Number of protein chains: 2
Amino acid sequence: MPDLIHDGDSAAAVSSLRSAVMLLSRRLKHQRVDESLSPTEMSVLGTLARCGSATPGELARKEHVQPPSMTRIVALLEAKGLVRLEPHPDDRRQKVVSQTEQAEAMLQESRSKRNAWLTALAEGLDEEEWETLRKAAPVLEKLAHL
Amino acid sequence: MPDLIHDGDSAAAVSSLRSAVMLLSRRLKHQRVDESLSPTEMSVLGTLARCGSATPGELARKEHVQPPSMTRIVALLEAKGLVRLEPHPDDRRQKVVSQTEQAEAMLQESRSKRNAWLTALAEGLDEEEWETLRKAAPVLEKLAHL
DNA sequence: AATGGTCTTTAGGGTAGGTAATGAGTTACG
DNA sequence: CGTAACTCATTACCTACCCTAAAGACCATT
């Protein structure tokens with residue numbers, strides 16, 4: 001079987017990937033739509049937009065965060081009117097988190113602002129490079145969730 | 001002029017990219033070689049390995065961190081014997097930071113461990129997806145440094 | 001020589017995440 | 001049936017990391 005990952009080029013790619021991801025994440029932290037929303041809070045809203053609704057435990061697993069952290073995040077989002085908490089129909093220990101209409105509007109605004117920021121950044125890339133990145137985006141997302 | 005970035009596909013790519021980067025960075029934090037080394041400290045060592053040596057101010061700019069943070073990071077790295085601090089030859093305000101042999105050894109070990117972790121993660125990707133990612137890695141790195 | 005600018009550092013503060021322990025609720029087993 | 005073991009969410013506390021503001025040391029231009 002061909003080993004896709006253990007050759008030298010791939011080792012370099014892994015190194016590149018890690019360093020780029022860490023650096024970009026630091027910079028993205030400063031590009032918030034709403035100053036009062038942390039990157040993870042944003043990410044949770046994104047997840048809810050995709051999945052409809054979820055329990056705090058499910059969200060914690062999806063975001064790779066510990067349950068107590070998710071409790072705090074959900075509480076903050078609720079205080080800001082961005083999510084709704086309802087009792088779980090079958091299990092009274094659990095709760096069901098879902099996003100509000102306000103959250104949907106905010107995500108929309110967020111998308112355009114992030115787009116503007118990355119657009120400015122991507123001015124420094126040529127057409128071919130940007131195309132490469134566009135193709136890689138969904139793969140990177142898949143990788144992150146594995 | 002063709003607008004590379006403002007179409008719908010690119011907006012989706014930006015969204016994907018941001019969410020994937022944030023999530024991956026959170027997960028990478030937990031995959032440290034040395035428990036006592038933060039992601040930014042690792043990144044600084046990587047930069048030093050590429051550039052040979054640099055002043056704290058240069059490092060701060062490269063890592064997109066404020067100068068006081070770099071002061072602390074460099075001090076911690078020095079305490080761990082991973083970097084050396086010398087006076088700047090021309091300017092007594094500045095210092096010159098360079099990595100030690102110990103740091104080189106650690107980076108080597110780090111690479112293989114990260115490689116192993118990403119390898120395990122990438123088992124979930126098919127050959128084509130991994131190829132896409134390999135091509136994108138240097139571009140992502142360029143983007144992060146823009 | 002002095003004044004303004006630059007590099008580093010010190011001091012202090014804030015945010016986001018983690019661990020340990022608790023309480024409430026469910027499930028399984030005697 | 002009831003109790004023991006497990007699970008989910010939460011509370012309380014702690015740590016790591018980065019920031020801003022301001023000071024100290026040094027350069028550079030006049």
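Below, read A as the first sequence line, B as the second, and so on, with proteins coming before strands; counting in each chain starts at 1. Model, not experiment: these values are computed from the prediction.
Rounded to the nearest 0.5 Å, atoms OG1 (Thr100(A)) and CD (Glu78(A)) are 10.5 Å apart. Separation of atoms OG1 (Thr132(B)) and NZ (Lys135(A)) is listed at 7.0 Å; rounding is to 0.5 Å. Leu59(B) CG to Lys95(B) NZ: the interatomic distance, rounded to the nearest 0.5 Å, is 13.0 Å. Atoms CG and CG, from Leu17(B) and Leu133(A) in turn, are 5.0 Å apart once rounded to the nearest 0.5 Å. From Gln99(B), atom CD reaches atom SG of Cys51(B) across 10.5 Å, with rounding to the nearest 0.5 Å.
The hydrophobic cluster analysis finds Leu23(A) isolated: no Ile, Leu, Val, Met, Phe, Trp or Tyr side chain comes under 4.5 Å of it, directly or through other members.
Looking at Ser38(B) and Glu41(B), their side chains do bring a donor and an acceptor atom within 3.5 Å of each other.
The side chain to side chain donor-acceptor pair (under 3.5 Å) test applied to Ser98(A) returns no partner, not counting sequence neighbours.
Nearest heavy-atom pair across Ala20(B) and Ala144(A) is O-CB, 3.8 Å. Minimum heavy-atom separation, Val65(A) to Met70(A): CG1-N, 3.9 Å.
Residues of residues 76-85 of chain A having a heavy atom closer than 4.0 Å to DNA chain C: none are found. Contacts between residues 88-97 of chain A and DNA chain D, counted as heavy-atom distances below 4.0 Å, involve Arg93(A), Gln94(A), Lys95(A). For DNA chain C, the residues of residues 51-73 of chain B within the heavy-atom distance limit of 4.0 Å (strictly under) are Thr55(B), Pro56(B), Gly57(B), Pro67(B), Pro68(B), Thr71(B), sorted by number.
Side chain of Glu109(B) to main chain of Met106(B): no donor-acceptor pair is present (N/O by atom type, distance under 3.5 Å, no hydrogens or angles). With hydrogens and angles ignored, the 3.5 Å screen pairs no side-chain donor or acceptor of Ser43(A) with any backbone N or O of Pro39(A).
Here chain B contacts DNA chain D (any atom closer than 4.0 Å to a heavy atom, that is under 4.0 Å), and the contacts span dC17(D) to dC27(D) from 5' to 3'.
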